[in-house]
S.K.: 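I have a structure I would like to understand better, so I am pasting it below and will then ask my questions one at a time.
Just the heavy atoms: all of them, side chains too, but no hydrogens, waters or symmetry mates, feed the values below.
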Amino acid sequence: MDFRCFPTLGLEVPEGGAVFTGQNAQGKTSVLEAVCVLVRLHSPRSSRMQTLARIGGSGGFGIAGEAWGMERRIDWRPRQATRHSVEGESRASQGGYLEDGGLLVWMGNDDLDLVRAGGESRRRYLDFMGSQVAADYRRSLARYRRALKAKNLLLKEGDRRRAEIASYEAILIPAAAVLRRVRAELSERLADAVADRQREIAGREELAGIRYEAAGGMEMGLALEQVREKEFRQRRSLVGPHRDELELTLNGLPAAAYASEGQQRTLALALKLAQGGVLRAQTGQEPVWLIDDVFGELDVSRRNALMRALPASAQKWITTTHLDWLEEAPELTGLARFAVEGGHICR
Ligand SMILES: Nc1ncnc2c1ncn2[C@@H]1O[C@H](COP(=O)(O)OP(=O)(O)OP(=O)(O)O)[C@@H](O)[C@H]1O
């Protein structure tokens, strides 16, 4: 193991899921994070694998578990290729490992950023979904990021490196086309689902809208031609999926600027609930819900609405520091409970 604060950990979680209780900084989020890393090779908290390795541990970490009936295992060591295996058989590439990985939805307290913060958090939201439904999405995203980084470095030198910049653009353009096709499809599917969930959680008519906006237009090649000289002057990339937006509105007005805090919280929940619904509709598979410290922070009406909106048959991993609300939650009383304390867990 050696993951975050856990030197070792073994857990058997029943099919319905579990609730992890404990004070702050005991390891609850880390348990959910380990699931996310094992299943999707992705941490919602950190883009650097190094931060996941336990400080004072062996330097790397390993996670193994049975998910969707298959034994999966990853082993991360600094300066080495990550090793992945499924059912004891090594999978050389990340894509190969993920192709039969299960689906996840992560809900956390910072989901409010989806509504309030800049476009980056909404792009991450789409990326997390896209990577789960389209095999070429993750590959294109990785390719796009690498080429964009290289292009931006060259742009720092002004227009002297035109030819090399063009060779990176030849990588960026097809990768952008994949990302945008999937993002646009997902956004369209999400629109109705988000509107329905918003109405349901708010308990009244509140019209939530989402609209995907490709920066510079869907045709990246054309957009690049139009901004080329400007990019050389400003020495940075101005168009492409890294600047796309998922615009959120409530009753026709931009949600970040006009919606109340309560409405924004509802919209953040609606976005995540809709994410689960769209993943299910796209794949026919029920995602596992990783719900980190959300319930305890909600007012009673939103908490009840969220509980009702979660699919009864889905597996849910829920963390909380407060126990009081749990006693009044009939939907969750049947879930197994684990107490987390100082990197140890007991049932
Ligand atoms: N790489 C690491 N190595 C060792 N300990 C770590 C590492 N990363 C984080 N920690 C520590 O692990 C502990 C558990 O963190 P975690 O976020 O899982 O707690 P939590 O129970 O979810 O807390 P909260 O309720 O405040 O969200 C914290 O004390 C944190 O500082």
Side-chain angles (χ1 to χ4, degrees), residues 42 44 46-48 110-131 133-134 136-191 194 209-249 252-259 264 267-268 271 275:
H42 168 85
S46 172
S47 55
R48 291 180 51 239
D110 54 4
D111 284 346
L112 194 53
D113 286 351
L114 277 174
V115 183
R116 286 191 174 172
E120 178 61 29
S121 55
R122 289 177 291 281
R123 284 189 290 276
R124 273 205 305 271
Y125 166 81
L126 288 176
D127 290 344
F128 189 56
M129 276 185 99
S131 306
V133 295
D136 52 352
Y137 193 94
R138 194 185 155 92
R139 227 177 5 253
S140 300
L141 189 61
R143 209 172 283 152
Y144 185 86
R145 284 183 176 150
R146 274 195 305 272
L148 183 70
K149 197 170 165 195
K151 178 184 163 181
N152 279 335
L153 277 175
L154 292 167
L155 278 172
K156 298 272 173 268
E157 299 179 36
D159 66 354
R160 288 190 296 121
R161 312 284 291 269
R162 279 181 187 260
E164 286 150 284
I165 287 174
S167 68
Y168 283 112
E169 287 177 350
I171 300 171
L172 289 170
I173 293 167
V178 173
L179 300 181
R180 284 172 158 175
R181 174 179 48 76
V182 178
R183 285 179 180 184
E185 275 169 23
L186 288 175
S187 306
E188 224 176 286
R189 284 168 190 263
L190 281 164
V194 171
I210 70 172
R211 197 171 70 89
Y212 176 59
E213 180 74 35
M218 289 294 270
E219 290 296 329
M220 188 170 175
L222 281 179
L224 281 172
E225 276 171 33
Q226 283 163 7
V227 298
R228 178 146 294 123
E229 297 312 315
K230 200 167 164 190
E231 286 196 334
F232 286 132
R233 279 198 305 280
Q234 294 195 10
R235 300 186 176 212
R236 64 199 174 102
S237 299
L238 296 174
V239 291
H242 63 292
R243 303 190 73 166
D244 290 353
E245 242 308 358
L246 185 65
E247 291 171 359
L248 304 178
T249 54
L253 294 169
Y258 289 97
Q264 292 177 345
L267 184 52
L271 282 162
Q275 184 174 56

S.K.: Quick check for you: to the nearest 0.5 Å, what is the distance between Leu190 atom CG and Gln275 atom CD?
M.R.: 7.5 Å

S.K.: Does Tyr168 have any side chain to side chain donor-acceptor pair (under 3.5 Å) partners at least two apart in sequence or in another chain, and if so, which?
M.R.: none

S.K.: How long is the gap from CG on Leu271 to CG on Leu246, to the nearest 0.5 Å?
M.R.: 7.0 Å

S.K.: Gly158 and Ile165: which non-hydrogen atoms are nearest, and at how many Å?
M.R.: O-CD1, 4.4 Å

S.K.: Checking Phe128 now: which residues fulfil ring pair (Phe, Tyr, Trp, His ring centres under 6.0 Å) with it, not counting sequence neighbours?
M.R.: His42

S.K.: Taking all non-hydrogen atoms of both residues into account, name the closest pair between Arg180 and Gly240 and its distance.
M.R.: NH2-C, 3.2 Å

S.K.: Taking side chain to side chain contact (heavy atoms under 4.5 Å, CB included) as the definition, give me every residue that meets it alongside Arg189, ordered by chain and number, with sequence neighbours left out.
M.R.: Val278, Gln282

S.K.: Would you indicate whether Glu219, at its atom CD, is surrounded by more than 12 heavy atoms from other residues, nucleotides or ligands within a distance under 6.0 Å?
M.R.: no

S.K.: Mind running salt bridge (Lys or Arg N to Asp or Glu O under 4.0 Å) on Arg181 and Asp136 for me, showing each step along the way?
M.R.: CA-CA 11 Å; Arg181 174 179 48 76; Asp136 52 352; 3.3 Å; yes

S.K.: Under the side chain to side chain donor-acceptor pair (under 3.5 Å) test, which residues partner His242, sequence neighbours left out?
M.R.: Tyr144

S.K.: Working to the nearest 0.5 angstrom, can you tell me the gap between Ser237 OG and Leu155 CG?
M.R.: 5.0 Å

S.K.: Run the salt bridge (Lys or Arg N to Asp or Glu O under 4.0 Å) test against Asp159 and tell me which residues pass, sequence neighbours left out.
M.R.: Arg162

S.K.: Which pair of non-hydrogen atoms, one from Ala147 and one from Leu172, has the smallest distance, and what is that distance?
M.R.: CB-CD2, 3.7 Å

S.K.: The criterion is side chain to side chain donor-acceptor pair (under 3.5 Å); which residues satisfy it with Glu245, sequence neighbours excluded?
M.R.: Arg122

S.K.: At what distance, to the nearest 0.5 angstrom, does OG1 of Thr249 lie from CG of Leu267?
M.R.: 8.5 Å

S.K.: For Ala215 and Asp244, work out which heavy atoms get closest and say how close.
M.R.: N-OD1, 2.7 Å

S.K.: With sequence neighbours left out, what residues match Lys230 under side chain to side chain contact (heavy atoms under 4.5 Å, CB included)?
M.R.: Arg233, Gln234, Leu238

S.K.: With side chains defined as the heavy atoms from C-beta onward, is the minimum distance between Ile173 and Leu224 less than 4.5 Å?
M.R.: yes

S.K.: What pairs meet the salt bridge (charged side-chain N to carboxylate O under 4.0 Å, His left out) rule with one or both residues in residues 167-177, with sequence neighbours excluded?
M.R.: Lys151-Glu169, Glu169-Arg228

S.K.: Please enumerate all residues that pass side chain to side chain contact (heavy atoms under 4.5 Å, CB included) together with Arg160, with sequence neighbours excluded.
M.R.: Glu157

S.K.: Say you draw a straight line from CD of Glu188 to CD1 of Ile210; how long is it, rounded to the nearest 0.5 Å?
M.R.: 10.0 Å

S.K.: Closest heavy-atom contact between Ala223 and Gly216?
M.R.: CB-O, 3.3 Å

S.K.: For Ser121, what residues pass the side chain to side chain donor-acceptor pair (under 3.5 Å) criterion, not counting sequence neighbours?
M.R.: none

S.K.: Kindly write out the residues that satisfy side chain to side chain contact (heavy atoms under 4.5 Å, CB included) with Ala184, not counting sequence neighbours, or none if the list is empty.
M.R.: Tyr212, Met218

S.K.: Does Asp127 have any salt bridge (Lys or Arg N to Asp or Glu O under 4.0 Å) partners at least two apart in sequence or in another chain, and if so, which?
M.R.: Arg145, Arg183

S.K.: How long is the gap from CE on Met129 to OG on Ser187, to the nearest 0.5 Å?
M.R.: 8.5 Å

